[in-house]
Number of protein chains: 2
Amino acid sequence: MARAASAKTQTRIQKEKSELILSAALEVFAAYGFRGTTIDQIAAEAGLSKPNLLYYFDSKDAIHEQLLEDLLDTWLDPLRSLDAEGDPVDEITSYVIRKLEMARDFPRESRLFANEILQGAPRIMDQIAGPLKDLVDEKAAIITGWADAGRIAPVDPYHLIFSIWATTQHYADFDIQVAVVLGERADQRFDDAAAYLTNLFTKLLRPSEG
Amino acid sequence: MARAASAKTQTRIQKEKSELILSAALEVFAAYGFRGTTIDQIAAEAGLSKPNLLYYFDSKDAIHEQLLEDLLDTWLDPLRSLDAEGDPVDEITSYVIRKLEMARDFPRESRLFANEILQGAPRIMDQIAGPLKDLVDEKAAIITGWADAGRIAPVDPYHLIFSIWATTQHYADFDIQVAVVLGERADQRFDDAAAYLTNLFTKLLRPSEG
DNA sequence: CTCTTCCTTGACCAAACGGTCAGAAACCGG
DNA sequence: CCGGTTTCTGACCGTTTGGTCAAGGAAGAG
């Protein structure tokens, strides 16, 4: 039994090494998926021996599970803060920017999520069908309310949310492609993307005059 | 040496089995990536024994390589047919629809591509940096030309293309998530997505009046 | 300094993996 | 229905993989 998982109080070393391992594992899982990742790869990335790594986590599964748990805790935060009381267009463009910031600052988490969904979400289906769907339904209702009140143009709220997820996460998941295609302009990709996406969704949502 | 790869004339069985294997391999590679896929998985999916499968292809690598080669041949077709002589908004919305149809009709190919990019495009970097980038540059110039002529609203052509890729491929790569979130409305997802995306990009590109 | 607990390691194991091979079985033109 | 070619299979091989274990080394409280 791994100490880190069962102990009520963690030693300094336990905390440090656990974080080191999780960070290394995130790097590798995000690129190669669960099956494509080996414990040796994670150990090498973390600079530890394999038995030493397994002293802190019971198994490859345990590490992966921990990562997914941590991920889902924060993954939906930007959507959660979409506020029915705010200005509709501002709320949605702010959501877009927060999501884009997450793609910039946590690309490995985005890729881990993408990998999991690509495989059919075998380990997080419950979270998708439960909390995620519930949250989307709740926020979709808010958007529909805004549209009904004429405060934004009529729009399918679900596909709006999908398009926000898709466009923002694209900059993390397909980063290599984006960087290569943009070439020397790649270093401005965040600011340019932010401006482009703000414009895109503002034009979509701005209610027609009259 | 596998017969199928070297023979100049293929027998009926060679053609049938090769296609069977490629289809099965596409299914598995698309979900689990190269490292996460085993030859036994592919063989089971194809209903063949492992040695029998290896009679047609030299190695796991050879199958994967063949799939990527076939994929890149057709992957960029929709973008290639973007026509500088057509109506700008029609050309781009038609491109969006063609891409969305590909996501619907060839989701496994989309996921295979996604998996490859997630891993850093180790096997198709040449294609990305070469033909793909060249084509994007060419079409971006066309879009810029349209904008300069005032025929569409000014827009960053690269991020426009990224957002088209992202939004359309999302329906293939994240299909499980989309299906779960949409629930009973999921069977209309293609038509609804087509309407939503057409509206999204039309509003973005429609030149401001006056 | 010392004893206990925590940390680390090399050696090891069984299962899974990619791939090979000799020969059996099916196919097919004559 | 015969003979050569093509197709298929079980048994096998070396390597990699996930994971274990006994024992040695480092921390740290007293």
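Every chain is numbered from 1 and lettered A, B, ... according to where its sequence line falls, protein lines coming before strand lines.
When rounded to the nearest whole Å, the span between CG of B:Leu53 and P of C:dG18 equals 11 Å. Protein atom CD of A:Glu65 is 16 Å distant from nucleotide atom C1' of D:dG18, rounded to whole Å. Distance, A:Tyr56 OH to C:dT9 P: 10 Å, rounded to whole Å. Straight-line distance from the NZ atom of A:Lys60 to the P atom of D:dT17: 9 Å, rounded to whole Å. One can place NZ of A:Lys15 at 13 Å from P of C:dC7, the figure rounded to the nearest angstrom. If you take CD of B:Gln10 and C1' of D:dT7, they are 14 Å apart, rounded to a whole angstrom.
Taking only side-chain nitrogens and oxygens, B:Tyr55 comes nearer than 4.0 Å to OP1 or OP2 of D:dT7. OP1 or OP2 of C:dC7 has at least one side-chain nitrogen or oxygen of A:Thr11 nearer than 4.0 Å. Residue B:Gln14 places at least one side-chain N or O closer than 4.0 Å to OP1 or OP2 of D:dT7. Between A:Asn52 and C:dC7 there is no side-chain polar atom (N or O) within less than 4.0 angstrom of OP1 or OP2.
Listed by first then second residue, pairs satisfying side-chain hydrogen bond (donor to acceptor under 3.5 Å, both in side chains) with a partner in residues 193-204 of chain A read A:Tyr196-B:Ser163, not counting sequence neighbours. Applying the side-chain hydrogen bond (donor to acceptor under 3.5 Å, both in side chains) definition to pairs two or more places apart or across chains, those involving residues 91-103 of chain B are B:Ser81-B:Arg98, B:Tyr95-B:Trp165. Sorted by first and then second residue, the pairs that involve residues 22-54 of chain B and meet ring pair (Phe, Tyr, Trp, His ring centres under 6.0 Å), not counting sequence neighbours, are B:Phe29-B:Phe34, B:Phe29-B:His64, B:Phe34-B:His64.
Within a 6.0 Å sphere centred on CZ of B:Phe106, other residues, nucleotides and ligands contribute 12 heavy atoms or fewer.
A side-chain N or O of B:Ser23 and one of B:Arg108 form a donor-acceptor pair less than 3.5 Å apart.
Legend: residues meeting salt bridge (charged side-chain N to carboxylate O under 4.0 Å, His left out) with B:Lys133, ordered by chain and number and at least two apart, are B:Asp137. Under the side-chain hydrogen bond (donor to acceptor under 3.5 Å, both in side chains) criterion, A:Ser110 pairs with A:Asp173, sequence neighbours left out. A:Phe113 pairs by the ring-ring contact (aromatic ring centres under 6.0 Å, His included) definition with A:Trp75, not counting sequence neighbours. Not counting sequence neighbours, the partners of B:Tyr171 by the ring-ring contact (aromatic ring centres under 6.0 Å, His included) test are A:His159.
Residues of residues 30-49 of chain B having a heavy atom closer than 4.0 Å to DNA chain C, listed by number: B:Thr37, B:Thr38, B:Ile39.
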- line: With B for base contact, S for sugar-phosphate-only contact and - for none (protein heavy atoms under 4.0 Å), nucleotides 20-30 of chain D reads BB------S--

